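Presented below is the structure to which this report refers.
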There are 2 protein chains.
Amino acid sequence: MSNTNLKKLAEELGLSISSVSKALRDSYEISAETKKRVLAMAEKMNYQPNPFASSLRRKKSVTIAVVIPEIANNFFALALDGIQMVAQQKGYHLLTYLTHEDYKNEEATIRHLQGGRVDGVLISLCRDTESIHHLVSLHETGIPMVFFDRVPEQMDCPTVTTDDYESGFKATEHLINAGCKKIACLSLSNYLSITHKRMKGYEDALKKHAIKLDPKLVIQCNNDNENNLNLIKNMLSAKKDRPDGIFATVEKLAISTYYVCNDIKLKIPQQIKIISFSNLRTASLLSPSLSTITQPAFEIGKESASLLFRMIEKKTFGNRIDKIVLKSSLIERNSSK
Amino acid sequence: MSNTNLKKLAEELGLSISSVSKALRDSYEISAETKKRVLAMAEKMNYQPNPFASSLRRKKSVTIAVVIPEIANNFFALALDGIQMVAQQKGYHLLTYLTHEDYKNEEATIRHLQGGRVDGVLISLCRDTESIHHLVSLHETGIPMVFFDRVPEQMDCPTVTTDDYESGFKATEHLINAGCKKIACLSLSNYLSITHKRMKGYEDALKKHAIKLDPKLVIQCNNDNENNLNLIKNMLSAKKDRPDGIFATVEKLAISTYYVCNDIKLKIPQQIKIISFSNLRTASLLSPSLSTITQPAFEIGKESASLLFRMIEKKTFGNRIDKIVLKSSLIERNSSK
DNA sequence: ATTGGCTACGAAAAGGTTTTCGTAGAATAA
DNA sequence: TTATTCTACGAAAACCTTTTCGTAGCCAAT
């Protein structure tokens, strides 16, 4: 154990603990010579400050938390990458929590964070987060919080999102322009505002092109892959009213659709066209290549973290609530040709 | 801020701080009635213990660190998922560090961890980690450490790996059996033991089938995607001595190879067959579907974390050094048909 | 000659929890 | 009755760092 602490350093140097501390923090109260001696000895004895003593005293953990539904997910992996980059640059540590799309986990995690373990929190909600009392409760402690992508609708909190309504609209219109008449929508959640917005875009695009929305074509999926495969398979196996286009609001549902189409020999894009929200790096290598709405996931992470640090660093926290909206891009590929 | 601490609780209850502390920790010294009163008041005042004071006093952070090269990588994302699962189950927090394949970052991170911020460390080395002095230094502090997948060769430390030699051998033999005569090997690092092992398998498979190893077909890639694309393109564009098979030791190099083949109109698998280490969930949906050696990434994470917790919990840390080896599976698909 | 200011440092408190060591009172044993 | 043992709690130290408040000595200004 690296057992050198200020006390031992001070003894070795014939100084007081406080002087050593000040020297190490480069205080003006300490002479240049003494500072040099202290630094040298600290180096020699491999002094590492005790982070807990420091945090206890300064009421600052130099740590932020990120709470996301899952990590084996291209979007969140990229977002975390962006977050980590900013955190590292700021010299902050990053505590990572996964809710696995389970509200209980989210609640427990948020409650834990009330203890003051971190200086700020980045959150993307899980699919079945309906009540937000835990978030409100955390917010009331005064800790800086930023939501990204999956944000709560009813809270007055800074958020970083993408243009979900427009993206949903464009994606649907893109399928309509490609000739689709019956477009299904695959959704992951009833509660999330991103789902609402994406689906509102879907609805409005249908309306604009005078296509009646068929509720049977709006599929509520969940986090159980088997179940989703069955739902999709049932829909695509139907003799009549089989859709000729699919708008998947999340990547994994597009993947599932590909599997189902392979399974039941449905030709993409001849028999059914697909477009999906996705950050898959291999989208263009799929068979057929997948048309995507691609969110700037890395930038979302970067922006969220930057915003959070602005809040952390600003003593007088601004009364203006930041709502940053980035743009996704629609990339046409063969699945919707 | 949740400003209730033991002191305030004690005042409110007319008890001493120590009694409240003991009551909350369910000490035998406190009567059942008093405990009930304390718990009720703690609940009422929304008491959250200060983690830093606790850590400082108990010399225990209830936190582990995981140090990985990158997170936007299917293997590491899955491994982290496994790690997080075990950590959460144990009630531990997870500090995540990304080195971005940069040795300087790895060094700095490891040095930071010497401060005692965590109770244990999980590490997968970055591609250019040659010197291990920083790891030795951390190890000397006595902190439990477990390496996974990318492990150092010269250290006496617990590791969790896969059967890399056998996998490299099988992959190469698979290509040979598919008719390949000139098999290239794409490697990411000169230093990592997993690369050495995978390539030794490659060499031995060639040897077994009396194929001479052509050093020009062993490509050292790096972390620069452009560069890798060029290296691969150059090799595949050659008039003579163009390989008819490719063994990619990491997923991203297989992806790059797919892009190059698309670019220069080289037909997979007719003109060139490919097999790669990969945890891509869409491997079977690629065009053509990609033959893979798939590591049990999630299990690697789970095993590593479990092993680490055994070390953390065992006061008398065992003198036996665990070296866990899991099996990868070779999945034949169309890219090597 | 007094005051004020500066430099360079030290003593001590504060931060919140855990743990060790008491101890007062009651109950039991001798 | 006296000695011993529990029971239930409190005082205080310890964990290590940071920060506030001194202060001794020296120089410059009034």
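Lettering of chains follows the sequences in order, A, B, ..., and the numbering in each one begins at 1. Bear in mind that the values here come from a model prediction, so they are computed numbers and not experimental data.
- For B:Phe52 and C:dT18, the CZ to P distance is 14 Å, given to the nearest whole Å.
- When the nearest nucleotides of DNA chain D are assigned to B:Glu29 and A:Ile17 by heavy-atom distance, the more 5′-ward of the two goes with B:Glu29.
- A parallel orientation is assigned to the rings of A:Phe52 and B:Phe52, their planes being inclined by less than 30° (bins at 30° and 60°).
- Across the protein-nucleic acid pair, A:Lys7 atom NZ and C:dA12 atom P stand 14 Å apart, rounded to whole Å.
- Residue B:Ser19 places at least one side-chain N or O under 4.0 Å from the OP1 or OP2 atom of D:dG10.
- When each of C:dT17, D:dT17, C:dC9 is scored by its nearest atom to the side-chain atoms of B:Asn50, the top-ranked nucleotide is C:dT17.
- Between C:dC9, C:dG16, D:dT17, one nucleotide has an atom nearer to the side chain of A:Leu15 than all others, and that is C:dC9.
- We find that OH of B:Tyr47 is positioned 3 Å from P of C:dT17, with the value rounded to whole Å.
- Between the side chain of B:Ser18 and the base of D:dA11, at least one donor-acceptor pair of N or O atoms lies under 3.5 Å.
- In this model, the phosphate group of D:dC16 is approached by a side-chain N or O of B:Lys59 to a distance below 4.0 Å at OP1 or OP2.
- Distances shown here put every side-chain N or O of B:Arg58 at or beyond 4.0 Å from the OP1 or OP2 atom of C:dT17.
- Computed from coordinates, the B:Leu6 CG to C:dT18 C1' distance equals 9 Å when rounded to whole Å.
- Nucleotide D:dC16 holds its P atom 12 Å from the CG atom of A:Leu56, rounded to whole Å.
- Among the protein residues, B:Thr34 comes within range of the sugar-phosphate backbone only, with heavy atoms under 4.0 Å from sugar or phosphate atoms but none that close to a base.
- B:His134 and B:Tyr103 have their aromatic ring centers within a separation under 6.0 angstrom.
- When distances are taken from the side chain of A:Ser16 to each of C:dT17, C:dA11, D:dT18, the shortest belongs to C:dA11.
- Residues A:Gln84 and B:Thr96 have side chains that never bring a donor and an acceptor to within less than 3.5 angstrom of each other.
- Residue B:Asn5 contributes atom CG, which lies 14 Å from atom C1' of C:dT18 at whole-angstrom precision.
- Closest approach of B:Lys302 to B:Met85, counting heavy atoms only: CD-SD, 4.3 Å.
- Applying the 4.0 Å criterion to OP1 and OP2 of C:dT17, one finds that B:Ser54 has every side-chain N and O outside that range.
- To the nearest angstrom, P of C:dT18 lies 9 Å from CZ of B:Arg57.
- Checking B:Lys22 against B:Pro51, the closest nucleotide of DNA chain C that is more toward the 5' end is the one next to B:Pro51.
- You'll find the side chain of B:Ile324 stays beyond 4.5 Å of the side chain of B:Phe148, heavy atoms only.
- OP1 or OP2 of C:dT18 has at least one side-chain nitrogen or oxygen of B:Ser21 nearer than 4.0 Å.
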Salt bridge (Lys or Arg N to Asp or Glu O under 4.0 Å) assessment of B:Lys44 paired with B:Glu12: CA-CA 11 Å; B:Lys44 184 183 157 201; B:Glu12 206 70 25; 5.6 Å; no
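- Contact between the side-chain N/O atoms of B:Ser55 and the OP1/OP2 oxygens of C:dT17 is not found at any separation under 4.0 Å.
- Residue A:Lys60 contributes atom NZ, which lies 13 Å from atom P of D:dT18 at whole-angstrom precision.
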